Amino acid sequence: MFNKRVRIKELLSNEASNYDATVMGWVRTFRNNQFIALNDGSTNNNLQVVATLGNFDEKTLKRITTGACIKVTGEVIPSLGKGQKVELKAVSIEILGDSDAEKFPLQPKRHSLEFLREIAHLRFRTNTFGAVFRVRHSLAFAIHKFFNDKGFIYLHTPIITASDAEGAGEMFKVTALPLDGTAAKNEDGSINYKEDFFGRSTNLTVSGQLEGELAAMAFSDIYTFGPTFRAENSNTTRHLAEFWMIEPEVAFNDLEDNMNLAEEFIKYVIQYAIDNNPEDIEFLAQRLDEEEKQKPQNDRSEMRLLEKLEFVVNNDFERLTYTEAIEILKESNHNKKKKFQYLIDGWGTDLHSEHERYLVEKHFKKPVILTNYPKDIKSFYMRMNDDGKTVAAMDILAPGIGEIVGGSQREERMDKLTERMAEMKIPQEELGWYLDTRRFGSCPHAGFGLGFERLVQFVTGMGNIRDVIPFPRYPKSAEF
RNA sequence: UCCUCCUUAGCUCAGUUGGUUAGAGCAUCUGACUGUUAAUCAGAGGGUCGCCCGUUCAAGUCGGGCAGGGGGAGCCA
């Protein structure tokens, strides 16, 4: 059998030696015409393969280049050198795939993340991206495990949606009509979507929430975890045009239940990564340390990556209302000394990222849950509070990346909901199916959306969201 | 989309007040060495200085436009 191999992770974690093994992987470096650092992606650590001098012909040795794929059979022995416990003394080396050293772009040295982004198809083979995507996997798995263990149903909401009333952002159009101007038109010159594949105008989903609410009205506890698309021209380190979102929706939960669920969830998945990817997180911590050294003293982070993650897991998130946050900001020295670009002067406007950062990074120094925002800066489906001015919304702000969760208790009262829709000029006929849940057995319920890539950013410490998704989609970029 | 900075060898970067033939480290190739840890040592090859236009006797260097990238802002997750 060809694939009778042992993964390098298993081989290295096994203390045993003096047994035969076959490994396959990609050459990271070939030192001294004798020592191959081999990696198969199962761990960031390389296996040292020793090709004893004189045992292999010159032709084979020449083909062991950085990036080449090889199969090695030999004996696992206690290492004669420092730096590793065991090594593989090669008996046979087979070149599975050559790699032209003059053309292979990865070198055994540090590359810039910007350069690696241009070769996203090869960047998996670096230590940094190996670690990032193993952590990404663990987080994805932990998410399913968390909800499954709690009895939630994993709901697949549609990728193609017809509703354009959600207001979550600019949408990508989905059409099978010709784009050369020959598509059927209405009398007023607009495109006649009755002729289109679905017989109506459709888009890529911007959120699975509304559909999630429908299922929560039957299963009580559901979550979605899937791709989401926003056609906004956002060019930042924390926005993507295609990203993955987790959206739990829970019947009978109020705002406080919602906060409790979100906080427990975030702590659980972070702890899972800490427990299952200690080496990857330590590697990422080290590269962050290097990065921090380049910064001026007072911009440096007070905690290392692992400390930061453990701090989040072991401390309660700070919970306060929008109104309380405005007070803190207004009374802050930062505001009084006019150090904010946008000074806080009154109640009712949305917070800018500098304000959120101040609250999270300077004032509380931990994740913050802000609640009960003014109704005018939030969505139509959020539940109206008794004061008539605020809604039962919550945003979770994380150090370094800002808003990681946005959620709310939903408006379950038909009259209040339709009133809000009218105010915000949202046509009811488009959302008849959504309003049916309020017509037939409506109940209090709540949910939130968590941006998966922002979570991965937080856990890996990566500064740019484009480096935590395998093939990022953002304005002017859809290669690979 | 706005503000700001950047673009010089495969990669990471130097390049002085505009002035001969544009440099270094790493990588690559050739050779030496051989228990190395991003091996080491010696030598060699490698450049339309992002693209276009302008100023000037002369532009990598100054000015304008465009493209791409970084950081920040807005929109948000």
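In the text below, chain A, chain B and the rest are named by the order of the sequence lines, each starting its count at 1. These figures come from a predicted structure and were not determined experimentally.
- One can place NE2 of A/His111 at 10 Å from P of B/C11, the figure rounded to the nearest angstrom.
- Looking at residues 390-406 of chain A, you'll see A/Glu403, A/Ile404, A/Val405 sit with a heavy atom under 4.0 Å from some atom of RNA chain B.
- Listed by first and then second residue, the ring-ring contact (aromatic ring centres under 6.0 Å, His included) pairs that reach into residues 27-59 of chain A come to none, sequence neighbours excluded.
- Only the C1' atoms considered, B/C51 is 37 Å distant from B/G43, to the nearest whole Å.
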request  = Would you give a per-nucleotide map of nucleotides 40-51 of chain B, 5' to 3', where B means the base has a protein non-hydrogen atom under 4.0 Å away, S means only the sugar-phosphate does, and - means neither?
outcome  = ------------
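- B/U7 and B/C49: their P atoms are spaced 14 Å apart (whole Å).
- A/Ser353 comes within 4.0 angstrom of sugar-phosphate atoms only, judged by non-hydrogen atoms across all strands, and of no base.
- Across the P atoms, B/C13 and B/C75 are found 33 Å apart, a figure rounded to whole Å.
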Counting only pairs under 3.5 Å, give me each side-chain donor-acceptor contact of residues 82-93 of chain A, with atom names and distances, residues two or more places apart or in other chains.
residue, atom, partner, partner atom, Å
A/Gln84, NE2, A/Ser79, OG, 3.0
A/Gln84, NE2, A/Lys82, O, 3.2
A/Glu87, OE1, A/Gln48, NE2, 3.1
A/Glu87, OE1, A/Ser79, OG, 2.8

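- Listed by residue number, the members of residues 47-57 of chain A with any heavy atom below 4.0 angstrom from RNA chain B are A/Gln48, A/Leu53.
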Shorter than 3.5 Å, N or O on both sides, protein versus nucleotides 67-71 of chain B: list them out with atom names.
residue, atom, partner, partner atom, Å
B/G70, OP1, A/Arg117, NH1, 2.3
B/G70, OP1, A/Arg466, NH1, 3.4
B/G70, OP2, A/Arg466, NH1, 3.2
B/G71, OP2, A/Asn464, ND2, 3.3

Please write out the pairs of protein N or O atoms and N or O atoms of nucleotides 6-10 of chain B separated by less than 3.5 Å, giving the distance to one decimal.
residue, atom, partner, partner atom, Å
B/G10, N2, A/Gln107, OE1, 3.0
B/G10, N2, A/Gln107, NE2, 2.9
B/G10, N3, A/Gln107, NE2, 3.2

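- Residue pairs satisfying the ring-ring contact (aromatic ring centres under 6.0 Å, His included) criterion with at least one member in residues 451-480 of chain A, sequence neighbours excluded, are listed as follows: A/His121-A/Phe480, A/Phe124-A/Phe471, A/Phe225-A/Phe452.
- Between A/Phe147 and A/Phe152, the angle of the ring planes lies from 30° to 60°, which puts this pair in the tilted group.
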In a table with atom names and distances, give each donor-acceptor pair under 3.5 Å that connects a side chain of residues 104-111 of chain A to protein atoms at least two apart or in another chain.
residue, atom, partner, partner atom, Å
A/His111, NE2, A/Gln107, N, 3.0
A/His111, NE2, A/Gln107, O, 3.4

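- Helical stems in RNA chain B, defined as runs of 3 or more consecutive Watson-Crick or G-U wobble pairs with donor-acceptor distances under 3.5 Å: B:1-7 with B:67-73, B:10-13 with B:23-26, B:28-32 with B:40-44, B:50-54 with B:62-66.
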key: Verdict with supporting geometry, A/Tyr434 and A/Glu213, side-chain hydrogen bond (donor to acceptor under 3.5 Å, both in side chains)   = CA-CA 8 Å; A/Tyr434 180 69; A/Glu213 283 186 55; 2.7 Å; yes
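- Looking at residues two or more places apart in sequence or on another chain, you find no salt bridge (charged side-chain N to carboxylate O under 4.0 Å, His left out) involving A/Arg357.
- Comparing the same atom, C1', in B/G19 and in B/U61 gives a spacing of 11 Å after rounding to whole Å.
- The side-chain hydrogen bond (donor to acceptor under 3.5 Å, both in side chains) test applied to A/Lys150 returns A/Glu264, not counting sequence neighbours.
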key: Worked verdict on A/Arg383 versus A/Glu411 for side chain to side chain contact (heavy atoms under 4.5 Å, CB included)   = CA-CA 4 Å; A/Arg383 193 177 196 278; A/Glu411 182 56 82; 3.8 Å; yes
